[in-house]
Q: 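Below is a structure I'd like to ask you about.
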2 protein chains.
Amino acid sequence: MNKKKIAKLEKSGWKVGTAADFLNLTPEEAAYVEMKLALAEQLQKQRKRKHLTQHQLARLIHSSQSRVAKMERNDPTVSIDLLVKTLLALGSSPKDVAKAFSFREAA
Amino acid sequence: MNKKKIAKLEKSGWKVGTAADFLNLTPEEAAYVEMKLALAEQLQKQRKRKHLTQHQLARLIHSSQSRVAKMERNDPTVSIDLLVKTLLALGSSPKDVAKAFSFREAA
DNA sequence: TAAGTATATGTCATATCTGACATAATTGCA
DNA sequence: TGCAATTATGTCAGATATGACATATACTTA
């Protein structure tokens, strides 16, 4: 499964169900994109809870507004590493991150 | 905190305590390396449980024995993404990964 | 001891991720 | 409506991660 295809899925399909619903994703691939999405959603939630703009969060983690936007939009160029580091910077504990890692609220 | 230093810490200090015990790690940095270490340990555990050699696991994930070794040794060039993908390939569920993500047995 | 198997380490070319920038689209509000 | 603030998207040069290879070290067992 190539990355472009996953990116497409991420853009069009996310919000209506789970990644596993889509074509040609192996269970591992589906689990992986699900996990990334869960982290992305948790990130936005935490940012908003702290009443930060993307720009402010970007400064906090020495990154840029555009990259924060990509994180929250689950852009395929964003790594789990970056998502995790950002959640930690927002004050999440490893346990919080672990929770975000495996659960995701229905949209 | 630079990467070389963390690599050093990972090599020398890990096994006797938690990363947070060491100098100059911010709480986020400490949490990050702790999480990576927990994933690395879980990975080795799962591989051994399945009676796979590093070489066999490498073939399974289309990687190389040396990279598997680096994953298990927590080499700083290994990303969380790769660790997570590998755990999923070994049959772990996202919940399993989440557990590994936040807990770590004493050595 | 030697030979075979497994794991560890160093290096490198290539692939992927990164922050940054420009700019577009969206949102909120007077 | 218009304007300011915020968020989204495309691009790129530099940074980091990757698989692969060579080779070293460790561990069995004959």
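All values reported here derive from a predicted model rather than from experimental measurement. Chain letters run A, B, ... following the sequence lines, proteins first and then strands; every chain starts at 1.
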Q: OP1, OP2 of C:dT7 versus side-chain N and O of B:Arg73: anything below 4.0 Å?
A: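 Answer is no, no contact under 4.0 Å.
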
Q: Identify, between B:Leu52 and B:Asp81, the residue whose nearest nucleotide on DNA chain C lies closer to the 5' end.
A: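 Comparing both residues, the 5'-ward one is B:Leu52.
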
Q: Using only side-chain N and O atoms of A:Ser66, determine if any of them is under 4.0 Å from OP1 or OP2 of D:dG10.
A: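 No, outside the criterion.
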
Q: With DNA chain C as reference, determine whether A:Ile61 or A:Gln65 sits nearer its 5' end, using the nearest nucleotide of each.
A: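 Whichever sits nearer the 5' end wins; that is A:Ile61.
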
Q: Indicate whether OP1 or OP2 belonging to D:dT18 is found under 4.0 Å from a side-chain N or O atom of B:Ser79.
A: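 B:Ser79 to D:dT18 OP1/OP2: side-chain N or O found under 4.0 Å.
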
Q: Under 3.5 Å, side chain of B:Gln46 to main-chain N/O of B:Leu43, donor-acceptor pair present?
A: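 Flag not set: sc B:Gln46 to bb B:Leu43 has no pair under 3.5 Å.
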
Q: Please evaluate the base of D:dC21 for a donor-acceptor partner in the side chain of B:Ser64 within a cut-off of under 3.5 Å?
A: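 When only heavy-atom distances are counted, B:Ser64 does not reach the base of D:dC21 through any donor-acceptor pair under 3.5 Å.
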
Q: Measure the distance from CG on A:Asn74 to C1' on D:dT9 and round it to the nearest whole Å.
A: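 Whole-Å distance recorded here is 15 Å.
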
Q: Would you confirm whether A:Gln56, through its side chain, and A:Thr53, through its main-chain N or O, come within 3.5 Å as a donor-acceptor pair?
A: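 At least one qualifying donor-acceptor pair exists.
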
Q: Would you kindly give the NE2-to-C1' distance between B:His55 and C:dG4, to the nearest whole Å?
A: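 Atom NE2 in B:His55 sits about 15 Å away from atom C1' in C:dG4.
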
Q: Does C:dG19 have OP1 or OP2 sitting under 4.0 Å from an N or O in the side chain of A:Ser63?
A: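 Checking C:dG19 against A:Ser63, a side-chain N or O does come within under 4.0 Å of OP1 or OP2.
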
Q: When you measure from the side chain of B:Thr86 to the backbone N and O of B:Leu82, does any donor-acceptor pair fall under 3.5 Å?
A: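 Flag set: sc B:Thr86 to bb B:Leu82 pair under 3.5 Å.
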
Q: Can you say whether a donor on the side chain of A:Lys70 sits under 3.5 Å from an acceptor on the base of D:dG10, or the other way round?
A: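 Indeed, a donor on one side and an acceptor on the other fall under 3.5 Å apart.
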
Q: Can you check the A:Arg67 CZ to D:dT6 P distance for me, whole Å?
A: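 A:Arg67 atom CZ is separated from D:dT6 atom P by 21 Å.
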
Q: Rounded to the Å, how far apart are B:Gln44 CD and C:dA6 P?
A: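 My rounded result for the distance is 15 Å.
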
Q: What is the separation between atom CE on B:Met71 and atom C1' on D:dT18, rounded to the nearest whole Å?
A: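 Going from CE in B:Met71 over to C1' in D:dT18 covers 10 Å.
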
Q: Could you tell me how far apart A:His62 (NE2) and D:dA15 (P) are, to the nearest whole angstrom?
A: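 It is 17 Å, rounded to the nearest whole Å.
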
Q: In whole Å, what is the span from the CZ atom of A:Arg59 to the P atom of D:dA5?
A: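 That distance rounds to 14 Å.
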
Q: Could you check whether A:Val78 gets within reach of a base, just the sugar-phosphate, or nothing at all, counting any heavy atom under 4.0 Å?
A: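 Touches sugar-phosphate only.
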
Q: Checking all strands, does A:Arg47 fall into the base, sugar-phosphate, or nothing category for heavy-atom contacts under 4.0 angstrom?
A: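 Answer is sugar-phosphate: A:Arg47 comes under 4.0 Å of backbone atoms only.
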
Q: Between P on C:dT26 and CD on A:Gln54, what's the gap in Å once rounded to a whole number?
A: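 For the pair A:Gln54 CD and C:dT26 P, the rounded distance is 15 Å.
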
Q: Give the intermediate values and the outcome of side chain to side chain contact (heavy atoms under 4.5 Å, CB included) for residues B:Lys85 and B:Leu88.
A: CA-CA 5 Å; B:Lys85 284 179 183 171; B:Leu88 293 174; 5.6 Å; no

Q: For A:Ala31 and B:Pro94, work out which heavy atoms get closest and say how close.
A: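 Looks like CB-CG, 3.8 Å.
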
